[in-house]
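This report concerns only the one structure given below.
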Amino acid sequence: MNVILPDGSELALPEGATGRTVAEAIGPRLAKAALGVTINGTLSDLDTPLSQGDQVGIVTAQSKEGLDLLRHSASHVMAEAVTRVYPGTKVAIGPSIKDGFYYDFDFPEPISEEDITRFQEEMEKSIKEAQPFERREVSREEALDLFKDEPYKVELIRDLPEGSTISIYRHGEFLDLCRGPHVPDTSRIPAVKVLSIAGAYWRGRSDNPMLTRIYGTAFPSKKELEEHLARLEMARQRDHRRLGKELDLFSFHDEAPGFPFFHPKGMVVVNTLLDYWRREHAAAGYQEIKTPIILERTLWEQSGHWDNYKDNMYFTKIDDLDFAVKPMNCPGGILIYKSSQHSYREFPLRMAELGLVHRHELSGVLHGLFRVRSFTQDDAHLYCLPEQVEDEVVGVIELVRRMYRTFGFQKVHMELSTRPDKSIGTAEMWERAEAALAKALERLGLEYQLNPGDGAFYGPKIDFHIEDVMGRTWQCATCQLDFAMPDRFELEYIGEDNQRHRPVMLHRTVLGSIERFLGIIIEHYGGAFPAWLAPVQVVAVPVADRHVDYARSVAAELAAAGLRVEVDERTESVGRKIRDNEMLKIPFMLIVGDKEVAAGTVSVRAHGQGDLGAMSREVATATIAAQAQMPSTGV
RNA sequence: GCCGGCGUAGCUCAACGGAAGAGCAACUGAUUUGUAAUCAGUAGGUUGGGGGUUCGAUUCCCUUCGCCGGCUCCA
């Protein structure tokens, strides 16, 4: 019998260990360091008795499993605390999640934010008491009886097959239905914090009753908890809604909920982003098109949106005809495809559109630029032969990764979603398409997650996810095959055999939504855009009024070099002007006073780097212009 | 859409069933400034909208709109 220590080294257990608990077998020192153990690879409690030949692994809070153990145990402690403060509260479930845990409750009376402190205090009490977590196994019938006053638990137990054995855990007075394992006792949760109260549907279904969810987090030390709370605060400071206001990029107004208003500086960023996008797409062989925002009802009936997506669409009546505001760009793009006859020789045909779409999202889901009701998709539709699919998908993936790298998003999480239960098309079509997507990913040597059955009804897809500073992941890029549209619109091309055939159609986006992507990069950069994207790239700061003319002439040179430059002509102290421009996160400042005027130089300051010293005007202009250059395509 | 919270000056926030306030921003004047806040003064409000209770409502109640935290949703 061996124990594998966290550092990977092995420790042999004495012969007499069989039959004793893990804690006894490994001794008090190791037991104190362990939050749990694995026995033959399965996460277990420290007081589990050992069998002959068991392989034991020590789980500490430094591992993901250990952290989960800690947090899940903390959720039990929170449930106990909450039921102590509000007797009669019905408990639902309390798992560990990324960065913490939650527990869902059904309270006998409404609770408020102030209760968080009371829950926290109760939790700390029971942690101080070092109550051991005790595991017990009972029959399904026993469990139903034990939890007869807990309707949510009863529902969970009833879902288990007859005759199953059910494990329950007790610490102090609190008994919970739980697969386990847990930390040995409550004192092993050194740092815990109750964070917030929210609503959540029982079992995640919107037709179920709404429960009260309480979020918390736990860490192996107070220090790590403090660091986590500091990270949350930093993330709050970087919230794009806050920075959008501070940097005067965009705003929202009650008169148009969910529809962003872009200010001049925000438009500079958007337009620069689009310049970059157009250059990348031209280099990758895309043509750009533009289709109308309002199209007649009949088109949406043909595309299927009228039947499947009506609830999310905006409508209008013009000259007694029904029109819809487009929620997607494909039908319009398809009309362009159909406006001429196509040959296989044109393929692959790549038609991109920065399409403004409107979707009537539920009011509760709106969230800054991340979730809006009108946004610009960087859409493209690719028409090709079946044998070209793999190459085209490879091209899309490469384009996505190249463009993401430009913004420093190195880690992109990819998911391949396959045929759902309800789908159109033949099994053979799906198999071929899924294989082409998988082969494209494999050809590039990329890891991806497989989501069986998660594809759209009309075809399989690859989704690309990036993570924002708050740790939320956002789907930006997508690459989907579409079996539906070509049929519905009877798309054709003339093949080598001079016969009519149906083309393969691919939808894809790279940035996803320009608005959402802007929100993501605002947070990603903390508002301090790289020079090529910054709304104002340089500001000339005259020391006194008499230096304004010199500052203007310096600015004129920078503007002539294609830079976005301003002169801070306010009659304020130098310190004040520097502070204000730093807070606007302008990449470069050129301070000019008597010394600079006399020497014909500028004093350069870079955001976040401070004073870089004096430079000649020519060198400063050339240096800044070089740094403000749009990244190259790398093609 | 659902659960909960919040809407007070341009922004961040106080106060309170009994005369709506601060800091920053703005404006005016003075200062002409050397690498993250010069000083003084002035102005700024139908307390999101509507209704009700009350002698009196920014405060309490109802309603509506919006925002925030989640949930569901994101084809």
Side-chain angles (χ1 to χ4, degrees), chain A residues 97 102 104-107 110-115 195-215 236 239 241-242 245-246 248 251-258 303-305 307-313 327-328 330 359-368 370-373 375 417 420 422 454-459 461 463 474-475 478 480 482 484 507 512-513 516 541-548 570-584 589-596 603-614:
Chain A
I97 50 171
Y102 68 78
D104 286 344
F105 302 97
D106 189 352
F107 283 96
I111 65 159
S112 73
E113 300 277 334
E114 281 92 73
D115 288 314
L195 293 172
S196 59
I197 300 175
Y201 296 110
W202 165 235
R203 305 192 113 176
R205 279 196 288 273
S206 56
D207 43 355
N208 279 345
M210 183 67 79
L211 303 174
T212 304
R213 175 168 298 179
I214 303 181
Y215 284 92
R236 210 176 64 82
D239 190 314
R241 292 166 298 189
R242 177 197 190 94
K245 201 181 279 182
E246 285 174 10
D248 198 18
S251 56
F252 286 91
H253 302 275
D254 286 1
E255 292 82 352
S303 72
H305 289 92
D307 287 336
N308 298 312
Y309 204 65
K310 210 168 21 188
D311 291 346
N312 284 306
M313 288 166 70
M328 290 181 88
C330 346
R359 298 179 183 185
H360 186 228
E361 304 288 359
L362 294 176
S363 59
V365 307
L366 302 176
H367 183 113
F370 286 165
R371 196 76 184 271
V372 288
R373 283 177 170 156
F375 57 97
S417 300
K422 270 192 195 161
D454 227 23
F457 72 91
Y458 53 75
K461 60 177 180 174
D463 289 331
W474 294 100
Q475 185 208 313
T478 185
Q480 336 189 323
D482 191 335
H507 307 258
S513 136
R516 169 182 290 183
V541 178
V543 171
D545 288 351
R546 64 179 177 278
H547 309 121
V548 166
R570 293 174 304 161
T571 306
E572 289 286 352
S573 67
V574 177
R576 174 51 175 269
K577 285 189 273 199
I578 287 172
R579 178 169 198 269
D580 289 347
N581 289 304
E582 280 290 345
M583 292 206 299
L584 290 171
M589 265 185 251
L590 302 179
I591 290 107
V592 295
D594 290 336
K595 274 186 290 180
E596 287 76 16
S603 176
V604 182
R605 206 189 140 95
H607 177 75
Q609 295 174 55
D611 192 354
L612 300 183

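In the text below, chain A, chain B and the rest are named by the order of the sequence lines, each starting its count at 1.
Nucleic acid contact class of D254(A) (heavy atoms, under 4.0 Å, all strands): sugar-phosphate only. Counting non-hydrogen atoms under 4.0 angstrom, E361(A) reaches nothing in the nucleic acid. Across all strands shown, H547(A) has no heavy atoms under 4.0 Å from either base or sugar-phosphate atoms. F252(A) comes within 4.0 angstrom of no nucleic acid atom, judged by non-hydrogen atoms across all strands. The residue M328(A) sits close to a base: some heavy atom pair falls under 4.0 Å. Using a 4.0 Å heavy-atom distance criterion, R213(A) is classed as a sugar-phosphate-only contact.
No hydrogens or angles were tested; on distance alone, a donor-acceptor pair under 3.5 Å links the side chain of R371(A) to the base of C73(B).
Partner assigned to A22(B) is U12(B), using Watson-Crick or G-U wobble distances below 3.5 angstrom. Look at G4(B): its Watson-Crick or wobble partner, with both distances under 3.5 angstrom, is C68(B).
Residues V604(A) and D611(A) share a closest heavy-atom pair of O-OD1, 3.3 Å. The shortest non-hydrogen separation linking S112(A) to I197(A) is O-CD1, 3.5 Å. Y309(A) and R359(A) get closest at one heavy-atom pair: OH-CD, 3.3 Å. Closest non-hydrogen pair, G593(A) versus E596(A), comes out as N-OE1, 2.9 Å.
Regarding L366(A), its CG atom lies at a distance of 8 Å from the P atom of C68(B), rounded to whole Å. As rounded to whole Å, 17 Å separates atom P of C71(B) from atom CG of D207(A). Summarising the geometry, the separation between CD1 on I578(A) and P on U33(B) is reported as 15 Å, rounded to the nearest angstrom.
Between the R213(A) side chain and the A198(A) main chain, no donor and acceptor come within less than 3.5 Å of each other. In this structure, R516(A) contributes its side chain and F370(A) its backbone to a donor-acceptor pair below 3.5 Å.
Electrostatic pairing of K461(A) and D454(A) does not count as a salt bridge here, judged by no charged N lying under 4.0 Å from a carboxylate O.
Listed candidates were A75(B), G34(B), U35(B). Nearest to the side chain of E596(A) is G34(B). Here the nucleotide nearest the side chain of Y458(A), chosen from U35(B), U32(B), A75(B), is A75(B).
Ring-to-base geometry places Y309(A) in a stacked arrangement with A75(B) (centre distance under 5.5 Å, plane angle under 30°).
Contact check, R236(A) against G69(B): no side-chain N or O comes under 4.0 Å of OP1 or OP2. For the pair K245(A) and U12(B), the criterion of a side-chain N or O lying under 4.0 Å from OP1 or OP2 is met. Residue R546(A) places at least one side-chain N or O closer than 4.0 Å to OP1 or OP2 of U33(B). Considering only side-chain N and O atoms, R576(A) lies under 4.0 angstrom from the phosphate OP1 or OP2 of U38(B).
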Close N or O pairs between protein and nucleotides 1-5 of chain B (under 3.5 Å):
residue, atom, partner, partner atom, Å
G1(B), OP2, S363(A), OG, 3.2
G1(B), N7, G364(A), N, 3.3
G1(B), N2, Y201(A), OH, 2.4
C2(B), O4', Y201(A), OH, 3.4
C3(B), O2, G199(A), N, 3.4

